[in-house]
Amino acid sequence: MKITAATVLDNALLALPGGVTPGSIAIDRGWIIAINAPPKGWRRIDLKGRLVTPALVDCHTHIVHGGHRALEFEQRLQGASYEDVARAGGGIVSTVSATRAASLDALIAQSLPRVDALLAEGVSCIEVKSGYGLDIDTELQMLRAARAIATLRPVRIRTSFLGAHATPPEYRGREDAYLTDICLPALHAAHAEGLVDAVDAFCEGIAFSVAQTDRVFQAARALGLRVKLHAEQLSHLGGTQLAARHRALSADHLEYADDDDARALAASGTVAVLLPGAFYAIRETRVPPVQAFRNHGVPMAIATDCNPGSSPMTSLLLAMNMACTLFRLTPSEALAGVTANAARALGLTDTGTLATGIRADIAVWTAETQA
Ligand code: DI6
Ligand code: FE
């Protein structure tokens, strides 16, 4: 429903930060004006006791990409690991070929059904990464496609430049030269075009070292951009500590993170983004240190990681369920993980909670609550 001016959603069940309570929410021109203090004379919509939560935020996706990875899926079913496939020249690099071959319009057209699936679940904001171009033109093209989505659908898009996702075949084994020749110039060009909201990297044995990631982060921060990191997904390489040193918005995956990493994330105010879809799809067995995150007070977010290889999913509700079932989050942690903490992982302070002065990004659910 499109609410423009002076409307009160009445007789609602509000998922407020302190818990679920009956009440009302007053909205004017897209902003929450009052909670439980309905201005007199405003148009009133009776929600008949339905649940109102903040609209959901998917804070980690690779939703813009070309092609598919059906062959890799079969290879992995036959016993190849995600890393085996990558080292044999498949994996991310095979999606790079398909993405380079796609036009801007084709990239957008292939992405929209994935976006629509998320919107149908109450998502209002999606983070979209580059990282399947790995040449200057295609990295820019991916980010332009991401920006275009916000003009075609009622969704807010936050972009992350992920030039340091993998090394393209033409630079294989020459990671530093790739960073110098392609990744850093692409970052500058994308930033100059207004295409970059944050900078991400993949710090892993099959991708970039801590020292190489540090180069990318230094370049990002020289441009005034915040950073985030794919860290400790397949091994413990030390990316989380680097992310914390750079006051990253988020560190993502974190299956192999430890108690010291949790302490560092807490000290730097960095959000731990959990991606149970990737854990599931690559048949990972090591779970992220959720109890350590709780003990140290690290905010936890949950996202789909929507991508054709390690997390081919377009359901944030399923990701919430998986975070509870596979990682033992509580349902209220899962809700915070796709609302307030997901907004924080993107550096957004105007969405993700039901509070006065916040954008009226809300979702209304036909759901029963426990007595
Ligand atoms: N980790 C992931 O889960 C995605 N990227 C990354 O660095 C997977 C990307 C892919 O397999 O295509
Ligand atoms: Fe990812």
Side-chain angles (χ1 to χ4, degrees), residues 58-73 75-76 80-100 110-111 114 126-134 138 142 146 158-168 175 183 198-209 212-213 216 227-235 237 239-240 243 248-256 271-284 286 288 301-314 316 319 322 342 345-346:
D58 193 351
C59 68
H60 178 141
T61 87
H62 309 252
I63 212 163
V64 170
H65 58 261
H68 63 82
R69 300 256 282 278
L71 199 66
E72 171 183 332
F73 181 64
Q75 288 169 344
R76 285 195 281 109
S81 72
Y82 181 73
E83 283 160 294
D84 293 339
V85 173
R87 290 191 201 282
I92 293 172
V93 164
S94 78
T95 298
V96 169
S97 312
T99 303
R100 286 178 178 177
Q110 289 176 48
S111 304
R114 304 174 195 132
I126 304 173
E127 185 257 15
V128 181
K129 302 177 193 298
S130 71
Y132 290 124
L134 310 186
T138 316
M142 286 186 73
R158 299 293 286 181
T159 55
S160 298
F161 175 83
L162 179 55
H165 192 196
T167 313
E175 279 73 21
C183 181
V199 174
D200 195 353
F202 187 18
C203 186
E204 189 55 67
I206 54 168
F208 295 92
S209 68
Q212 288 158 348
T213 303
V216 176
V227 299
K228 43 181 51 241
L229 188 63
H230 286 70
E232 331 307 349
Q233 180 186 6
L234 309 168
S235 63
L237 213 68
T240 308
L249 287 169
S250 70
D252 303 40
H253 290 285
L254 298 174
E255 278 82 348
Y256 289 81
V271 177
V273 177
L274 307 180
L275 303 165
F279 170 92
Y280 162 82
I282 68 173
R283 306 185 65 177
E284 180 56 68
R286 170 113 164 200
I302 301 163
T304 61
D305 196 13
C306 173
N307 78 70
S310 69
S311 192
M313 76 188 295
T314 54
L316 191 54
M322 287 173 146
L346 299 179

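We count ligands from 1, going down the list as the structure has it; atoms in each ligand are counted the same way.
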### Spacing of E255 atom CD and L275 atom CG [to the nearest 0.5 Å]
7.5 Å

### Message
Quick check against the 3.5 Å criterion: does E232 have a side-chain atom that pairs as donor or acceptor with the backbone of L237?
### Response
yes

### Query
Taking H65 as the fixed residue, which of K129, R114, Q110 is the one that meets the side chain to side chain donor-acceptor pair (under 3.5 Å) rule?
R114

### Message
Using 0.5 Å steps for rounding, measure from the CG atom of L346 to the OG atom of S250.
### Response
7.5 Å

### Message
Angle between ring planes, H62 versus H230, binned at 30° and 60°: parallel, tilted or perpendicular?
### Response
tilted

### Query
Atom CZ in F208, atom CG in L229: separation rounded to 0.5 Å?
11.5 Å

### Message
For the backbone of D252 and the side chain of K228, can you confirm whether one donor and one acceptor N or O come within less than 3.5 Å of each other?
### Response
no

Show me the short polar-atom pairs for ligand 1: any N or O of it lying under 3.5 Å from a protein N or O, with distances only.
{"from": "ligand 1", "atom 1": "1 (N)", "to": "Q233", "atom 2": "OE1", "distance (Å)": "3.0"}
{"from": "ligand 1", "atom 1": "3 (O)", "to": "Q233", "atom 2": "NE2", "distance (Å)": "3.4"}
{"from": "ligand 1", "atom 1": "3 (O)", "to": "H253", "atom 2": "NE2", "distance (Å)": "3.3"}
{"from": "ligand 1", "atom 1": "3 (O)", "to": "D305", "atom 2": "OD2", "distance (Å)": "2.8"}
{"from": "ligand 1", "atom 1": "3 (O)", "to": "S310", "atom 2": "OG", "distance (Å)": "2.8"}
{"from": "ligand 1", "atom 1": "5 (N)", "to": "H165", "atom 2": "NE2", "distance (Å)": "2.8"}
{"from": "ligand 1", "atom 1": "7 (O)", "to": "H165", "atom 2": "NE2", "distance (Å)": "3.3"}
{"from": "ligand 1", "atom 1": "11 (O)", "to": "R69", "atom 2": "NH2", "distance (Å)": "2.8"}
{"from": "ligand 1", "atom 1": "11 (O)", "to": "Y82", "atom 2": "OH", "distance (Å)": "2.5"}
{"from": "ligand 1", "atom 1": "12 (O)", "to": "R69", "atom 2": "NH1", "distance (Å)": "2.8"}
{"from": "ligand 1", "atom 1": "12 (O)", "to": "R69", "atom 2": "NH2", "distance (Å)": "3.3"}
{"from": "ligand 1", "atom 1": "12 (O)", "to": "Y132", "atom 2": "OH", "distance (Å)": "2.6"}

### Task
Quick one: name the protein N/O/S atoms under 2.8 Å from the Fe ion (ligand 2), chain by chain.
H60 NE2, H62 NE2, H230 NE2, D305 OD1

### Query
Taking atom types as modelled and ignoring hydrogens, do the side chains of Y256 and E204 form a donor-acceptor contact shorter than 3.5 angstrom?
no

### Task
Could you tell me the separation between the OG atom of S310 and the CD atom of E72, rounded to the nearest 0.5 Å?
8.5 Å

